[in-house]
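What you are looking at is a predicted structure, and each value in this text was computed from that prediction instead of being measured. The chains referred to below are lettered A, B, ... by the order of the sequence lines, with proteins before strands, and numbering in each begins at 1.
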Amino acid sequence: MIREVLHRLLRSRNAVIGLLIVLAFLLMALLAPVLAPQRAETQSLIDALKTPNRAYPLGTDEFGRCVLSRVIYGARVSLRIALLGSAIALGIGVFLGAIAGYHGGIVDYVVQALVDISWAFPTILLALAIIFILGPGLQSIMIAVGLVYWGAYARLTRGQFLVLREEEYVQAARASGASAFRIVIRHLLPNSLAPLIVQLSLGIGRIILIEASLSFLGLGAQPPIPSWGAMLSNGRLYLMTAWWLTVFPGVAIMIVVLGFNLVGDGLRDALDPRLRRV
Amino acid sequence: MSIIQYIIRRILLIIPVLVGVTVLVFGILHLVPGDPVRLMLGEMTTEEAYVRTRERLGLDRPLYVQYFSFLGRICRFDFGRSLILREDVAKLLAAKLPNTLSLTASGLILSYAIGIVFGVLAAVRRNTIIDYSSMGLAIIGVSVPQFWLGFLLIMLFAVKLHWLPIAGYGTFRHLVLPVVTLSLGGAADVARMTRSSLLEVVRQDYVQTARAKGLRERKVIFKHGLRNALIPIITLLGLKIGWLFGGAVIIEIVFLRPGLGRMLIDAIYMRDFPVVQGVTLILATTVILGNMLADVLYAVVNPRVQY
Amino acid sequence: MQSKRIVAYVVFFVGLMLVFSSLITVAQAPDRATKEANSTTLVIAIDQDPQNLNTITTSWGGEMNRDICDTLVSRDYQLTYQDGIAESWDVSSDGLEWIFRLKDGVTFHDGTPCDAEAIAWNIETMRDTGASAYLYSAVEDAVAVDPLTVKLILKNPFPNLLYNMSSSGFASIISPTAFEKYGEDYGVKAAVGTGPYMFVEWVKGDHVTLKRNPDYSWGPSWMENQGPAYFETVIYKVVPEAVTKAMLIQAGEVDVVYYVSPAIVSTLQADSNVEVILSPERRLVYMGMNVTKAPFDDVRVRQAMCYIVDREAIVENVLGGIGMPAYNYLAPIVEPQIESPYTYDMDKARELLAEAGWTDEDDDDIIEKDGKEFRVTLWTDTITERVQIATVLQNQMAELGIKAAIQQFDSAAYGDMFKTGNQQAFMRLYGWDNADILEWFFNSTRIDRGVNKTRTNEPLLDFMFKKAESMPTSEERLSVYRLLHEYLLERAPWVPVYYPQQVRARGSDLAGYNATLDHIWLLDLYRK
């Protein structure tokens, strides 16, 4: 089945482009020490705020650090936050959403209450608390972001399950005595994947931005760690004098988000069980 | 179970959610370091004055006593008094709520309007330039931070062209830039969702049947597709309200709007417990109502759904 | 011919005179009526809401406090003490008795006369219950001798009294009747002083509105305008975000900006509608170290830290030249200044660290001592400039083989964290223009409250501080502080980094702009 999906995926031109983009960024993150002209934190105060030039292709920041190197190393940080943060959110969200949607009743109410609490809870306060408990660091940001975001996946999963469990083929499976686990895995989950994947591909971009907002409020990645979000937020003071500080990390985020979206679209088509039945 | 019953249950659910939120907020605010009295009096104050103020505000009592006295007051709809601003929280909320509400409500409407239009266009004209540009817009929407977009819009429309004001509130002109900034990101996922679920639905058997019966493509999409495609979009509603509020925090800082978001941030940084609790309660209630609305709309759109 | 030429000269000369005189009349300031007609509303951007306008219960009453309230004594541009509500004063030879003679006819905005009774009430209430009780802690008794004469009897000589009395935002003179009348609400719903502006409203999180006091005629004698202010309404607008603040003045939505971020100065300077005003400041940004915790319990390690900062390069490049390198603990305008031994010298720092036993034995680029690696946490608040300096220091430490992790705290948490005593190194800023700030930060009595953040506890220092504050004359007081300052520099609990420059901006359509260290004086200000 996986081979079939992959095959389908690779037939779509857009998906392949998306895949290449994502792979390129993952490679960039992995090979950062090789690719980057310098280390991300190397300062050279004399070279502060230089426009893009031969020595510094994307210019320098207020410490004379090479923006190109920081964007490259930033892929490591931001992709890690985005992917692991999404994984946490997706894990919690799909799990809780699935039980809520399948069982309904009191379980559904409890999960709904949890979702409501998580959305009603101020993100900053949550981030403050987690950073206080776990200390500042990327793991705190990932957990904070995951805890902020899981509700979206929970509600999407629940919503799909609510509709799908009334479908004839699910009713039929149930009537034939299939276990709840089997029904969820074989029927409900595969048919709920499409909106989840679209949400996930957008969610990855969102999470990079949540980190930027946390940086805007001083709670993001701590210096000298080069996250794209922190670069955007720190660079805002130089918006009018040094555009290269925010434009390049911004473009990096945009390309990555585009990549994930193309892959997401392709995957959605490839996973579509109706298309498979054809 | 009928919808009415469901709504009643859902309203009853508000209470445990609100209690949960207050416990969490209260716990976290007291867990993280920070002392409102110190902030009120500043560093250069005597120990004596410090102790006296603490006692006067009742902050020297055990935590559970403070929490239950707070809960007791909330039950009588008494939100208490701000420690820092020395004003009834209810009055502060009433003053700021309209500013935040006008921002988020317009943001919600605009993001759904833009999102659905672009989503449908993209689905109908799949794999054309329209589809790609709608996707491009969505990508920009989700990858540009709001503070950045806000500053760019200000730079262009307020500083360079002098068309619109930066700061202030109350008039339509003051609302334009903040709402546009707020909605662009929000429109992105609505657009993507609409497109994707439309395409999803179009492939379903009954739509294929309709098409086979010779109905025109456009009609198929509007008559059969859109209604069913709305479900995942509606699911987003409660979430959107929560997010728009989160976004409003940044927007209110950038555009200098005195709203709940800015008040919340200030209150968190000042450890002004009653204000944080008050804003969170309002926010929680709105989110719950939003989610409830989403559930009811579900049932309206798709009569097969049972509760 | 000759006479014709003379006539021509005379005509030319007279013409020239006429041109000049007309130029002079043009250059002359417009009269009061014109100024007032042009000056309706002034909008001033500030960083944050005042905590409270009540200076008795709040240690700092916000920028607008100086407009609402006068002080007993004022300080002019040269920082010399001048008349305020008090016309003049005398001090007895033993420094224990002060006589203040008040200006006649000074009234609070609520109609209460500002007489000797009111002044005595202010001083005693502040001393007994005030948040800034230290201002008058030396005062034994305040007596109203007659309606225009106040006598202060001191417990010990206290030459710094005039400084304390002139601290705007701290030593504001407020109306006793209003204070009683409004109770808890004073400072929020009302604030009543004798100043050029009257409090109208405070919309929290947004703005404070003031309106002109039409009866004001007792301004300090060193101000040009001796009558009421020209602007009718003044709005202090709260603008927390630095970029928004810059754009507001560029778009003409505000007239004056307090605290412009250094990163934005060049943008505003390039704008012809905006005038940027740079002036020296009384603030110092420094890195403090906890002297009771390893590794900074070793004076050599602390001294090494003083050598790792390339202060000139930081100011020039990171801060865009907005500021001054700092080598000692007091702002340049504050006496006593000391020549500091600490320059930028990484070799010297390495030497000192090696002397203290810190070397890289296993070649992992981290120095260790007795098998323990040199790792520290550097605390900072979230203010951009401080985080920037922390980032530079972190990099410099890394060059010496020290691993420093930066941890940012929001302002509420930050102050509290110092009570725990867990701090190792931390970025701080203070703003004060008096040597007694050393006593404030290094007296052992303030360790528990988290004010003495380096946790310096030396009986000798405590004794000397006490001595300094009870010296009979300012000169003798300063000479004790000189010794203290020298000694502290040697003990190196702080690494001074830079003195921020004061950056304010105003619309170029304003005239009569006068400012001192702590305040923009609105009395002379008008719109052209």
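With a 4.5 angstrom heavy-atom cutoff, C:L319 does not touch chain A via any of its atoms. At a 4.5 Å heavy-atom cutoff, the contact between C:A246 and chain A is made by side-chain atoms alone. Only the side chain of A:F216 comes within contact range of chain C, with at least one heavy atom under 4.5 Å from a heavy atom of that chain.
Taking chain A as the reference chain and counting heavy-atom pairs below 4.5 Å, the highest number among C:V318, C:I264, C:I314, C:I383 is found for C:V318.
A:L219 contributes atom CG, which lies 11.5 Å from atom CZ of C:F409 (distance to the nearest 0.5 angstrom).
Summarising the local packing, CD1 of A:I46 is surrounded by 12 or fewer heavy atoms from other residues, nucleotides or ligands at distances under 6.0 Å. Taking a 6.0 Å sphere around CZ of A:F95, one finds it holds 12 or fewer heavy atoms contributed by other residues, nucleotides or ligands.
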All inter-chain donor-acceptor pairs under 3.5 Å (chain C, chain A):
unit_1 : atom_1 : unit_2 : atom_2 : d
C:E241 : OE1    : A:R236 : NE     : 3.4
C:E241 : OE1    : A:R236 : NH2    : 3.2
C:E241 : OE2    : A:R236 : NE     : 2.9
C:N317 : ND2    : A:L45  : O      : 3.3
C:Q388 : NE2    : A:E62  : OE2    : 2.9
C:Q388 : NE2    : A:Y238 : OH     : 3.1
C:T391 : O      : A:Q43  : NE2    : 3.1
C:Q394 : NE2    : A:P223 : O      : 3.4
C:N395 : ND2    : A:Q43  : OE1    : 3.3
C:Q408 : N      : A:Q222 : OE1    : 3.0
C:Q408 : NE2    : A:Q222 : OE1    : 3.4

